[in-house]
> 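Sending over a structure as structure tokens; questions will come in a sec.
Quick note: residue numbers are just sequence positions, from 1.
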Amino acid sequence: MYNIIVNPWSGEGKKRKLHRRAIEHFQKLGQEIRVFASERPGQIRELARSITEKGEGDVVVIGGDGTLHDVLNGFADFDRCALGLIPAGTGNDFAAAANIPLEPEAAVEQIVNGAPRYTEFMQLPRGVRGLNVAGTGIDVEILRRCRSSKWLRGKMQYLISLIISLIKFKNYELSVRVNGHEVLYKTLIACVGNGFRIGGGIRMCPQAVLGDNLLDFVAVDNVKKSRILPAFIKLMQGRILEEKFSRFERCDHIEIFSNHPFTVQVDGELYDELPFVVDVVKDILHMYRG
């Protein structure tokens, strides 16, 4: 049986037809399903916890990266329940990393006809889990601008917020402990990627590969004002690692800290003063993916 958790507001609430197509295709294929729709903040995690505690079938998310994040953070039993995703968000960045089709019928068939595979995820303090990308710096500023904007939505909102944030950028002093050494950065952004992109297609961690059981650390270090435009172009092209001020390492554990409190975004969700300590967790989560 498939327990389908639907976020009616994912993708700005404009994708309810897509939700219906996915549910109808499960039924067309003769699958037993139960549908749960969230009605208030926090309910998605509660639904995921309740379903996985009982272990009565797999969990399928119809929504975007934020909905998927909430479901993962509600998972109570990884042994009895696998996780599936029907992309229905604004960016669908993790779906790209997991090779999950955007067409709902194809995504449903990938679940019904496939087998779940071990899929690593990120573990942070306070029980916070992440699947795609965690970061601090300008990505946090972009998300705050997106949340305060009243006149743009979707990918265009993110792009405009990115441009404004770059114009007003400032470097953050962060210390990074990774792979046995510690380095002080004056960084525009520091990201830890399990997936490779953010913001609906911006390849911040372009070499990240889901299934390698490693995390990609990427930092833009001490970038000068004169290099902002070339850096922006390279970022949009997925070639940010070609810049001399880019720093890149693969790891399974990383610690990022500062003398001042800061906010961490995990899969696009903001966590104030969360210690930025990330471990990769492997061979626990079963997920339907390409």
Side-chain angles (χ1 to χ4, degrees), residues 4-7 9-12 15 18-19 22 38 44-45 48 58-75 78 81-104 106-108 110-111 114 116-124 128-135 139-140 142-143 146 154-155 158 189 191-218 238 264-271 278-282 284-290:
I4 300 173
I5 297 179
V6 180
N7 179 4
W9 308 111
S10 67
E12 300 299 329
K15 299 195 175 182
L18 186 152
H19 301 169
S38 66
I44 290 173
R45 296 191 188 201
D58 294 338
V59 177
V60 176
V61 178
I62 301 182
D65 294 323
T67 309
L68 185 64
H69 175 81
D70 280 343
V71 169
L72 177 65
N73 279 273
F75 245 71
F78 290 99
C81 301
L83 178 61
L85 172 65
I86 311 297
T90 301
N92 298 314
D93 290 307
F94 187 76
N99 293 313
I100 297 172
L102 294 181
E103 283 297 309
V108 169
Q110 185 180 69
I111 293 170
R117 303 166 61 188
Y118 279 128
T119 302
E120 68 270 27
F121 62 88
M122 299 178 290
Q123 182 67 61
L124 290 87
V128 176
R129 301 166 181 153
L131 266 171
N132 191 46
V133 176
D139 52 343
V140 171
I142 293 167
L143 289 168
C146 286
K155 295 180 182 179
Y158 192 94
I189 185 171
C191 281
V192 180
N194 190 35
F196 64 89
R197 73 183 216 191
I198 61 177
I202 299 171
R203 288 175 283 176
M204 191 65 231
C205 302
Q207 293 189 20
V209 177
L210 197 65
D212 65 358
N213 292 328
L214 291 172
L215 304 172
D216 281 28
F217 165 66
V218 175
V264 178
Q265 70 84 10
V266 186
D267 300 340
E269 302 300 312
L270 298 177
Y271 292 88
V278 189
D279 287 283
V280 67
V281 180
K282 57 185 180 180
I284 292 178
L285 172 65
H286 296 83
M287 187 169 187
Y288 294 96
R289 58 181 177 89

> What pair of heavy atoms forms the shortest contact from P87 to A95, and how long is it?
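Reported closest heavy-atom pair: CG-CB, 3.6 Å.
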
> Flag the pair Q265 / L270 as yes when at least one side-chain heavy-atom distance between them is below 4.5 Å, and no otherwise.
yes

> Mind listing the closest non-hydrogen atom pair of N73 and R45 along with its distance?
CB-NH1, 3.6 Å

> Would you please indicate yes or no on a ring centroid separation below 6.0 angstrom for F75 and F121?
no

> On a heavy-atom basis, which atom in F94 and which in D65 lie closest, and how many Å separate them?
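What the structure gives for the nearest pair is N-OD1, 3.1 Å.
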
> Tell me, do M287 and I100 make a side-chain contact under 4.5 Å, heavy atoms counted?
yes

> Taking the side chain as everything from C-beta on, heavy atoms only, tell me whether L68 gets closer than 4.5 Å to L83.
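L68 reaches L83 side chain to side chain.
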
> Ignoring hydrogens and angles, tell me if any N or O in the side chain of N194 forms a donor-acceptor pair with the backbone of G130 under 3.5 Å.
no

> Are the side chains of I111 and D58 in contact, using a 4.5 Å heavy-atom criterion?
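Not touching, per the 4.5 Å side-chain cut-off.
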
> Taking all heavy atoms of D267 and all of R129, pick out the closest pair and write down the distance.
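Looking at all heavy atoms of both residues, the shortest contact is OD2-O, 4.4 Å.
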
> Give me the atom names and distance for the closest heavy-atom approach of A48 to V71.
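In terms of heavy atoms, the two residues are closest at CB-O, 3.6 Å.
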
> So, does R289 use its side chain to make a donor-acceptor pair with the main chain of Y118 at under 3.5 Å?
yes

